[in-house]
Structures are given as structure tokens and as C-alpha cells.
2 protein chains.
Amino acid sequence: MIAQHLSESTEMYLKAMAELSDHDNVVAIARLAERLSVTAVSANEMMRRLGEQGLVTHTPYKGVALTVKGREVACNVVRRQRLWECFLYDHLKIEWSQLYELACSLEHATAPEVTEALDLFLGHPKTCPRGNPIPDADGLFVPLSGIPLSEVEVGKTVRVLAVNATAKDVLKYLFERNLLPGHEVKVIEAAPLQGPLTLRLDGKNKDVALGLSLAEFVVVEENSNQ
Amino acid sequence: MIAQHLSESTEMYLKAMAELSDHDNVVAIARLAERLSVTAVSANEMMRRLGEQGLVTHTPYKGVALTVKGREVACNVVRRQRLWECFLYDHLKIEWSQLYELACSLEHATAPEVTEALDLFLGHPKTCPRGNPIPDADGLFVPLSGIPLSEVEVGKTVRVLAVNATAKDVLKYLFERNLLPGHEVKVIEAAPLQGPLTLRLDGKNKDVALGLSLAEFVVVEENSNQ
DNA sequence: GGGAATAATAAGGTCAACCATATATAAATT
DNA sequence: AATTTATATATGGTTGACCTTATTATTCCC
């Protein structure tokens, strides 16, 4: 199968689908539109086009899903994205909260030979600085087996596996509070009515309040200690 | 002056102008169109648009020239291009003849903070693997003081300073014949009627024939020995 | 079962960057 | 000076990816 060049727009839609799809792989077009900051009409049009290209399937009133071919492309886009994040962070010392955005521009301009040479240069990294797995050249990767911090029971202590946010301001906010892969978080309290969590980081004294919708972005390991 | 994002197309036009302009800085629109593989009509349209943005000036029937602002942008594009060439060659071990093309895609997707971090990472290189100078963050660089190999007198021995070609096949051809920066070339013979040059490389026995228009791409130092 | 919310489609518009064809104008050459 | 050649402009068309404003269809929930 010859990989003709797909537009930046196409790659962004496919990547967003891969990032948003859970269990059944289906994504509501409205969610996609939201993530990509376009109108629902535009997203619908795009889905028709991608459908014609055999990259997605659309079940009206249900949502869209990646085809095998679509998933292949999406994984490759994610691969490029996360490899660039590694490079920008480890070698260029770019600020953590800017990684996603800056790597995103580069990913669409990266030829296969550059992707593979970069992977080799970086020593075949398994995860990006945000903690997410990097698909290999065949699109394979070990999915994160964690749960959102928002679902952790009060009193438990867990370790952060990854941060799934993409927006720069959200990343900056989490970075400033040290909610980064590898850090330990104890859930001290969960305020009622979707109120914020109170967290204790790395056993330190100072506690941190975190809104529930922000806590959804933070993926932590499921099995806690004590 | 706030640097709003210019389109890839705009950057390519400005870069081509910087690469094609000689002495008086003026480029014929037909040359530009040729280099960018678009029709003269398209190039004319684009020059009107760039003129409105204050990036170029167009003197009808004479040609176009970069304004100060346009030159600033162009130098920055060239800077990004050549820094990426260094990275791709020195660190990713990408094939020499592919450097221009692959770096070209990346250059348009490179934010200022990445450019500067890359420059630092690379140790502020002065030239790219093709031998061309890399403008600094202010757009300053020492222009090459060389002449095309096509203009060297028969019998003289010169050193290659840079290769100005951009097309992959041309670069591959020159690479295979070792016409690379740093190598020594003796012009053995120049065939009449725009015929090819006969060259001796690095004092080796085997001679190389090179068409005149190809020899124009090879920039060599002016002052020869013997 | 009926209405509210959500989703899809239809119709028409914009914008950048291309294209072709035709005509007008300046420059260069004889 | 006249012709050829190069350059410029006018006109109209295309494509991808957006947009808005209806209108229609479906699903969900009381």
C-alpha cells in the first residue's frame, strides 16, 4: 500500500480520533469538532471525505470510527508527534507545556525516513515526556493501563502514569503543580457536587486543589498502596 | 514587529527569491516561477499579494526584489532550513542528497523557540552540509566568496565551497561524483560549444565529466593554487 | 408517545493558491 | 521602425477546508 501524502487537516482529524476513542473505538462527531475547534458541520463534511477515502466509517447518529487503514495512519501520526516531543524535551530542553503544540507542527512535515532515523537517534523510546506510549514502526504499542485521577478513591496514594491534555494552558497548569508522570499523588479529599480534589504530592506538606475536569486528564496507576 | 504566521507558500517564494537573487537583488518572475514549478501567472499573482504585504517590490518588466522586511523573513527561513540540514545530516545520518528536501518540509513547521534551541543544540553551526552559510538569529551571515566551477580556467585546481543545487536528482548526481564541500577539483579540460568539463577530484586518477549547467551549481574558492 | 436535545444534511459563501486562455504592453532584436 | 519575444494583466475556473443559516431526521427521556 503506497502511502500518498495526506493533508495536515486529515492527519489532525485521524489523530484526534485515535486520542478520543475509548472502548468501542467510536467517537461522536461533536466531540471531534470540539477538540479540533471547528463547527459540527465542518467535521461532518470532513468525515464524509475521509469516509470516501476509506479512512473512517460513519454510522449516522452513532459516531465515527477509524478503519484499519485509518488507524494505521493515526498511529503513525501519534508516533511522529511523540518522538518529536522526546526530542524537543530531552535534547532541545523545550518547556514541558509547549511540547505538544510544537511537536504537532513538526509531525505533519516529517517524512518516513526522518521518523525512523529520529526513533533510532532517540534510542527507541517507549513513552513520550507526557507519559504516553509511542507506537512502533508497525503501529503497535502497549496501551496505558491506568485510570483518571478523578476516579481515585479518597485516601489512596497513586503514581501518575501520563497526562492526556493537549491544550497549552492546561499543560502549564498541571506542570506548575507537579502533576507529571512519575510523581506520587495522595487524594486527601473530594469536595461534593463535582468540587475539586485536594491532593498531596510526593508526600510533601503543601496540598494542591485540582478541579475534577482537570483531574480527568491525569492518568494514574490503578493499584494503589495503602 | 510581531511575526504573524506566514503561509508555507509565502515562505517558499521568499526563500526562492533569496536563493536566486544576485548582485542587484532583482529576480525575474519567470525565474521564480520556474524554480517553484508554478506558472508565470501564478507567480505574478503571488508577487502582487506579497507586494501588498510589504514583503517584495515589483518593478514591471524588470523583476521583483525583497524589501527589508521580506529579506528578514527569507533569511529566517533559510536559517531554519540549514539548521535542519545540519541536524538531519550530523545526528540522524540522513543521506546527503535528501537533506534539502527533507529539511524544507520541516522549516515551515518550526517555531522560533525551536529554531533557537536547535541552533544551541547544534553548537551554532556556521555552514550547512551543502556548504552554505547559516544566517544568525538576526539574519546576518558571511556570504560565500566563491565562483561557479563552470567559470574556472582550465588547468586550475580549486576547492569546493558549496553546492547550490536543490533538486534531489542533481544533488544525488553530484554526491556520487564526490563534488562536495571540502574536496579539491582540477579542471582538466573544457569541451567547446558548452560541452562538459573534465575534472580530476582530490588528485585521484579517475577523471569525471561534468555538464556545464551542473558545474554552475558548484561554488568553488576563487584563488587557486598553481 | 411526544417533545427536547442532538445529529445530519442542504444550500450558499469565503479564502488562498493554484490553473488555463486571451489580450495588452514593454523590451529587445533585426 | 517593425517585428519578435518576454512580461503583465484580465477573466474565469478548480480544490480543500473552512464558515453560517436553515431544515430534516433520530434518539433520548419523561
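Keep in mind the model is a prediction, meaning the values are calculated, not measured. Proteins get letters first, then strands, A, B, ... in listed order; numbering begins at 1 in each.
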Query - Where protein sits on nucleotides 16-28 of chain D, one letter per nucleotide: B base, S sugar-phosphate only, - none, heavy atoms under 4.0 Å - result: -BBBBB---BSS-
Query raised in the report: Any idea which heavy atoms bring B/Val187 and B/Val152 closest together, and the distance?
Result: CG2-CG1, 3.7 Å
Query raised in the report: Rounded to whole angstrom units, what separation is found between the CG atom of B/Leu32 and the P atom of D/dT7?
Result: 12 Å
Report summary line: Result for side chain to side chain contact (heavy atoms under 4.5 Å, CB included) between A/Met17 and one of A/Met47, A/Arg31, A/Arg71 points to A/Met47
Requested in this report: Using atom NE2 of B/His108 as one end and atom P of C/dA16 as the other, report the distance to the nearest whole Å.
Outcome: 19 Å
Query raised in the report: Rounding to a whole Å, what distance do you find between A/His5:NE2 and D/dT15:P?
Result: 20 Å
Report summary line: A/Phe87 meets the ring pair (Phe, Tyr, Trp, His ring centres under 6.0 Å) criterion, sequence neighbours left out, with A/Trp84, A/His91, B/Phe87, B/Phe121
Query - For atom CG of B/Asn44 and atom C1' of C/dA17, their distance in whole Å - result: 14 Å
Report task. Using whole Å, report how far CD1 of B/Ile29 lies from P of C/dC18. Result -> 14 Å
List the atom pairs, with distances to 0.1 Å, where a side-chain N or O of residues 167-176 of chain B and a protein N or O form a donor-acceptor pair under 3.5 Å, not counting sequence neighbours.
from: B/Lys172; atom 1: NZ; to: B/Glu176; atom 2: OE2; distance (Å): 3.4
from: B/Tyr173; atom 1: OH; to: B/Arg177; atom 2: NE; distance (Å): 3.4

Report task. Applying side chain to side chain contact (heavy atoms under 4.5 Å, CB included) between A/Glu107 and each of A/Val77, A/Leu83, A/Thr115, report the one that passes. Result -> A/Val77
**Report entry** Phosphate-side-chain proximity, B/His58 and D/dT7, N/O vs OP1/OP2 below 4.0 Å
**Finding:** no
Query raised in the report: For A/Ile94 and A/Tyr89, which heavy atoms make the closest approach, and how far apart are they?
Result: O-CD1, 3.5 Å
